[in-house]
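Below: the structure, in structure tokens.
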Amino acid sequence: MTAEALERAIGAQDRAAVLAAVGSPAHDTLLLAGVPLLERAVAVVAPDGGVLPVALAWRHGYALHQAGRFAEALLVYARAGDGPGDGPGTPTDPVDVAFLHASHASTLWATGDAVASRRLSDQAVQEALACGNDSAVAAAWISQALVCVLEGDLDANLVAYEKALTAAERAGDVLTQARIHNNLGSRCNSEGRYTEALTHLDRAIALAESVAAPGPVRALSLITRSDSLLGLGRLEECLAELHLARTITRTSESPLLGLAVVGIGDANRLCGNATQAALAYREALAIAERTNNAQIIVPATSGLARVLVVDDLDEAQGLVKQALDQPAAVGQVEPLLAAGWVCLATGDKAAAGEYSRLAVREAGRRHDSRGLAESLELQSLLMSGPRAVDLLDEAGTLWRSTANSIGLATNQALRARATTDHVEEQAARRRLRALGVRDDATRIAGPLQALGGADRARVAIRTLGAFAVLCDGETVPASAWQSRKSRDALKILAGRRGRPITREALSEHLWPDSPGSGNRLSVVLSTLRGVLDPGKEHPSDHYLRADREAVRLDTEHVEIDAVVFTQTATGALRALRSGERTDLAVVEELERAAAMYTGHYLEDDPYSDWTVDVRDELLSSALEVKRELALALLGRGEQQRAIPWLVGLIADDPYDEPSHHHLITTLHQARRHGEARRAYRGYSTRMKQIGAPITPLADLLTPYT
């Protein structure tokens, strides 16, 4: 009997013919027919909404389950007749009873009801083994495998799938074989065995194609396969599979549309595309609301919370609670991680620590290598020193064992930050960018957001102290410059700190009193572009902008330490004078700015005319920052911390009389009397050199406090 026979029986409104068609052993054909045909059959058999024959009830419920309409499926199962027969003189087939309980158990699994799902699944296994129908046996063992996932018993889950596959192969049940291989692939993904997962998934797709399975069946394997590709860092392939699955399911009733859209959200989140990820997660939630599908709701709410943590913290926190409260058929690793990362992003380290511990436990229980690695990384960010590095190394081993290239590169960036290995951090960030991941994903709660203020510019110019240019964290060698003039030109442009300089002025600096140097300047600028972008990865004006009149460095793409210092110093001094920070916060801001002044501007070029004004300006800012920092520390009674800054001020400006006074007084208060007297002698010498009056020592030696 076929779906066509059922169509004819429905058209004739022949109840007996409908029951005969539905009761056919060739049930695969009817299962593939979908919900609408079976709904019409139900209307013929039980037009009053009463009891349904078991044979029709389980098929209709199964179809509704595949469409993600779990609540409706449960209502249909509840209508199944459990008397001596489904109709006059028609005994209930025990095979149908086994299918009914197996299907019912699978739907309860999808809604997160572990207790009821376990009871019906056990019953289905007993009934299927008793009747000896291999297709029913396979369905029953699949329900057992799903319940084991819900309970966290992955060893029993694997045994159940092996038994289900053996039975399905004996029965020649191709669709069930495809379903099992897909689920085995999903299990491999959860454990980080992505290459092994692809073997199962390729088999599932081949089986589905061999029987011309409908779109949703193929889409399921495409979605699961995309998760494997995502784990392997093959982002473009991953998104291609997901978009194909989305196209296949867009016009169907399958819940797989929601799963495909969640996958698109996950891929974009991992890439660092917060806006695109949020749109996908919201679309998935809209789909899930129609079906109450925990398999969609949990990952979608968890993912959306992470991408909204910057744009809408209140909503992000509400989504975390929703995800944690939702019964999930596949555990709570994702919502626990989302909760932990959101708490870390908001500064609630205690809560982040608790969620990370719960996530470690849950991931370990479920053999979830990916979840465990990320949980360990979250824990590491709440610690410092050797313990943090140890956790990162353990997570790195997990990422490496699963061949998860994105996870491993992220882990390496975290470890480099923990060990202050700047070069390795930049190398790890380059690896992430090569994999299609934005390493500056600061809007998304997770490890890259936690890394935060790294040196994100590909090109960095160091001018405070000795001159150097770094591309991707590595110093540009002298051989790359070709001529001293190109190096000098970059120094001059760096000193302008993003402001334009006319071509004429730049040429005059490089070739004084030498008219007609336009062609030579063009050659120098071309050389500079080659130094800054040797691979020609960007447009010619990405780092260096030049027109007929002027030239400048684009500080959006080139980091100049003098610019960063100036911005930091200005912000720190503004915070001090506005009173918008606490004393401690102001001290920290000033210390950060002071630490950035690592030397005078272009110390290896002290006499060039283009360095003098810039050097004086930057030094003046640095002295102001150090002076205010020293005074702030003295105001807090922290004499010992203030002394080095006062010494530094005097070293930079030997005639700074107020700083001399503060140093002598502070050394005396710190009971460092010999140093106080030496400081006084130095002060006296400097004042004599400029003919300034000298304050008596007694006036500077204030009483102890």
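Note that these values count all heavy atoms, side chains included, but never hydrogens, waters or copies made by symmetry.
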| request: Could I get the full list of side-chain hydrogen bond (donor to acceptor under 3.5 Å, both in side chains) partners for Asp541, not counting sequence neighbours? | output: Arg545
| message | Under the rule for side-chain hydrogen bond (donor to acceptor under 3.5 Å, both in side chains), what residues qualify as partners of Arg552, not counting sequence neighbours? | response |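 None.
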Side-chain donor/acceptor pairs under 3.5 Å, residues 642-655, sequence neighbours excluded:
{"unit_1": "Asp652", "atom_1": "OD2", "unit_2": "Lys626", "atom_2": "NZ", "d": "3.0"}
{"unit_1": "Asp653", "atom_1": "OD1", "unit_2": "Tyr655", "atom_2": "N", "d": "3.3"}
{"unit_1": "Tyr655", "atom_1": "OH", "unit_2": "Gln689", "atom_2": "OE1", "d": "3.0"}

| query | Counting N and O atoms only, with roles assigned by atom type, does the side chain of Ser620 sit under 3.5 Å from a partner on the main chain of Glu617, one being a donor and the other an acceptor? | reply | no
| message | Check whether Lys485 reaches the backbone of Val524 with its side chain - one donor and one acceptor, N or O, closer than 3.5 Å. | response |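 Checking the backbone N and O of Val524 against the side chain of Lys485, no donor-acceptor pair under 3.5 Å is found.
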Among residues at least two apart in sequence or on other chains, which ones pass salt bridge (Lys or Arg N to Asp or Glu O under 4.0 Å) with [X]?
X: Glu504; answer: none
X: Arg677; answer: none
X: Arg499; answer: none

| field | Pairwise side-chain contact, Tyr355 with Leu344, heavy-atom cut-off 4.5 Å (strictly under) | value |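 SC-SC contact between Tyr355 and Leu344 ruled out.
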| message | Test of understanding: with ring pair (Phe, Tyr, Trp, His ring centres under 6.0 Å), list the residues that count as partners of Tyr601, not counting sequence neighbours. | response | none
| Who are the side chain to side chain contact (heavy atoms under 4.5 Å, CB included) partners of Asp561, not counting sequence neighbours? |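 For Asp561 the side chain to side chain contact (heavy atoms under 4.5 Å, CB included) partners, ignoring immediate neighbours, are Arg462, Thr463, Leu464.
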| task | With sequence neighbours left out, write down each residue that passes side chain to side chain contact (heavy atoms under 4.5 Å, CB included) with Ser621, or none if nothing qualifies. | result |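 By the side chain to side chain contact (heavy atoms under 4.5 Å, CB included) rule, Ser621 matches Phe565.
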| request: Indicate whether any N or O donor in one side chain lies under 3.5 Å from an N or O acceptor in the other, for Arg671 and Gln639. | output: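 Short answer, no.
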| query | Got a sec, which pairs hit side-chain hydrogen bond (donor to acceptor under 3.5 Å, both in side chains) with one end in residues 338-348, sequence neighbours left out? | reply | Trp341-Glu374
| said: Over 60° means perpendicular and under 30° means parallel, so tell me whether His542 and His538 are parallel, tilted or perpendicular. | reply: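 Rings of His542 and His538: parallel, as their planes differ by under 30°.
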| Plane angle bin for His661 and Tyr683 - parallel if under 30°, tilted between 30 and 60°, otherwise perpendicular |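 Perpendicular, since the angle between the ring planes exceeds 60°.
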| said: Show every salt bridge (charged side-chain N to carboxylate O under 4.0 Å, His left out) that has at least one partner inside residues 678-694, sequence neighbours left out. | reply: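 Listed once each, the pairs would be none.
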| said: Whether Arg577 and Glu624 form a salt bridge (side-chain N of Lys/Arg under 4.0 Å from carboxylate O of Asp/Glu) is what I want to check. | reply: yes
Side-chain donor-acceptor contacts of residues 315-322 below 3.5 Å, not counting sequence neighbours, with atom names and distances?
{"unit_1": "Glu315", "atom_1": "OE1", "unit_2": "Arg282", "atom_2": "NH2", "d": "3.1"}
{"unit_1": "Glu315", "atom_1": "OE2", "unit_2": "Arg282", "atom_2": "NH1", "d": "2.8"}
{"unit_1": "Glu315", "atom_1": "OE2", "unit_2": "Arg282", "atom_2": "NH2", "d": "3.2"}
{"unit_1": "Lys321", "atom_1": "NZ", "unit_2": "Asp325", "atom_2": "OD2", "d": "2.8"}

